[in-house]
Amino acid sequence: MQSEIASHRMQVTDNLDKLLTIFPDSIRSKLDEHIQQDSDSLIEVVLDLGRLPEARFRDRAIYLRDQPVTPEEIQHCIERVGMFSTDNRAGIERTLHRISAIRNRTGDIIGLTCRIGRAIFGTIVMIRDLVETGQSILLLGRPGVGKTTALREIARVLADDLGKRVVIIDTSNEIAGDGDVPHPAIGRARRMQVARPELQHQVMIEAVENHTPEVIVIDEIGTELEALAARTIAERGVQLVGTAHGNTVENLIKNPTLSDLVGGIQSVTLGDDEARRRRTQKTVLERKAPPTFAIAIEMLERQRWVVHDDVSATIDTLLRGHEPPAQVRTVDDSGEVTIIHEEPKTSFQPLPSRNNNLVTALHPQGLRASGKMTPLAFGSGKAKRDNVDFEGMIERSWQTKEANSQKIRTPGPNGEDWPVYIYAYGIGRSQIEQVIEVLDLPIILTKDLDEADAVVALRSQIKHHSKLRNIAQDRHLPIYTVKSNTIPQVSRIFRQILNLDDPNIPEPTDLRLFSKAGSDDEIEALEEARLAVEQIVIPQGQPVELLPRSAKVRKMQHELIEHYRLQSDSFGDEPNRRLRIYPA
């Protein structure tokens, strides 16, 4: 009973004495005076070269002295904190304080933001019942509202009070503090550190594969790869507790990078009857899949949160243009929780879709409703007919039929004769048709060499087919060869035939090219590979490991990597065999 009462009482641990030791004496003495008066509301201490040192509280900001900060004082602080990582963050061992650096163009540190880290025990009393359900929870809110503090307390409650196996993915050592030994505020939960922020998604998957957690705690989900890794973890039956950038659920819907956390958004075209029934546009937005997180919490203030205990219903309601009902939870200083169910006050317009095709309204509007509609002038129908005939004549004038042939040509952008008739040998017809259809190429397959403009063949096959080579030579047909029967090579050779292989024009990357069945799993795996290549491998020159996939899906990923002219290989044992992509 005593422990139950203690868990509901706000208890703060901030280790401010350890933070004070990093500052020079003149700054530390002044800061100590203000802390003695009001330590709980101190948020951060800012030191900028050539400016006055500043202490920021919740309701005010004060200067600590009249002399500006010197380079020696900046260096004094740097020497007393941990190592700065690639995201310019450091900490003090066994504390939760975060020191962030500002660098000049040469890489020298010219500013420090020393953020106070506090472990507040009892801060999640408002949502403890939701934490105990075992469902995945997403925390949203502006910076400084206490998301990381709540995340730390949730990890402790799950590990200590509920006895679950909890693993924290601590990207910047902000949840469990700096150093190899985690802060006691996380209880029995384990902490995995991340070498570089861009590798956070890999560490998430590694935690699931190697350490058999029941709960994964992750702070600041901010990229598509991390959102994809979160979905993969949730689908494996592991409870997720995380935070994301955004104040409300509606912010996530509008964020294409993170919308997958709430199920993803897709454009759907409705029939006329359905659109009239809904009183909406023909093209609307709908949720694409079940959300990764079943529960979302909007942290408006430190003691006032809005709970969405059914994210699916909330997203569907927002996409239909209605305001979802809100469950507002507040807590007073004595730990008493109040839950208020607020009904939506007003409706608002649905989120805009990419296509604004409107259907006819249920009641006439405009000129028809006002009775001011007038008939068309006499002869206008004939003018319209003449115009249609003229347009058809122009369209037919572009098409020419070759003598002694069934081929019909139209001029290309540079005067070329399109379409190009291709005779394929040794290459799968289905792959060729897929490339032509997806890329909308002016190419027609023919089985008659007399009708062909070019021959496309597999190099190993045409090498031993002297008769085909001789016929092509007699008819002056160029022969284009591909090394392997893959989508990237087929699409590349077609672009060469059509004179579209300009190095200044990037090759199209349509994932449908590489997908066999077009299923969501295949597209998701290919999208993961595309993001890894375009966001990490090419711009940063770093290898990337993808999530485990089946042999069939890995083959598609290999073809996509080949499309980017990069190398990849598979490693690991089934069912955890996966791709590793290497920079050029």
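Positions are given from 1 along the sequence.
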Picking from Leu151, Ile297, Ile124, Val307, what satisfies side-chain contact (heavy atoms from CB on, under 4.5 Å) with Ile137?
Ile297

So do Val331 and Trp305 actually touch side chain to side chain, heavy atoms under 4.5 Å?
no

Would you indicate whether Lys30, at its atom NZ, is surrounded by more than 12 heavy atoms from other residues, nucleotides or ligands within a distance under 6.0 Å?
no

Could you note down all residue pairs passing salt bridge (charged side-chain N to carboxylate O under 4.0 Å, His left out) where residues 92-108 supplies at least one of them, sequence neighbours left out?
Arg98-Glu174

CG (Asn104) with more than 12 external heavy atoms under 6.0 Å
yes

Does one side chain, of Ser100 or Asn88, offer a donor that lies under 3.5 Å from an acceptor on the other?
no

In chain order, what residues pass the salt bridge (charged side-chain N to carboxylate O under 4.0 Å, His left out) check against Arg65, with sequence neighbours excluded?
Glu73

All salt bridge (charged side-chain N to carboxylate O under 4.0 Å, His left out) counterparts of Glu235, not counting sequence neighbours:
Arg231

Hits for side-chain hydrogen bond (donor to acceptor under 3.5 Å, both in side chains) against Glu132, two or more places apart or cross-chain, chain-then-number order -> Arg128

Flag yes if more than 12 heavy atoms outside Asp59 fall under 6.0 Å of its CG atom; otherwise flag no.
yes

Quick check for you: to the nearest 0.5 Å, what is the distance between Arg304 atom CZ and Glu298 atom CD?
10.0 Å

Assess whether atom CD of Gln266 is packed by more than 12 heavy atoms of other residues, nucleotides or ligands within 6.0 Å.
yes

Does Arg554 pair with Glu574 as a salt bridge, N-O distance under 4.0 Å?
yes

Sequence-distant partners of Ser41, side-chain hydrogen bond (donor to acceptor under 3.5 Å, both in side chains), two or more places apart
Asp38

Sequence neighbours left out, cut at 3.5 Å: what donor-acceptor pairs do the side chains of residues 184-198 make with other protein atoms?
residue	atom	partner	partner atom	Å
Arg188	NH1	Ala159	O	2.7
Arg191	NH1	Asp170	OD2	3.0
Arg191	NH1	Asn173	OD1	3.4
Arg191	NH1	Gly177	O	2.9
Arg191	NH2	Gly177	O	3.3
Arg191	NH2	Gly179	O	2.8
Gln193	OE1	Asn173	ND2	3.2
Gln193	NE2	Gly179	O	3.4
Arg196	NE	Glu198	OE2	3.0
Arg196	NH2	Gln542	OE1	3.3

Tyr582 atom OH: more than 12 heavy-atom contacts under 6.0 Å:
yes

Does one side chain, of Asn251 or Thr248, offer a donor that lies under 3.5 Å from an acceptor on the other?
yes

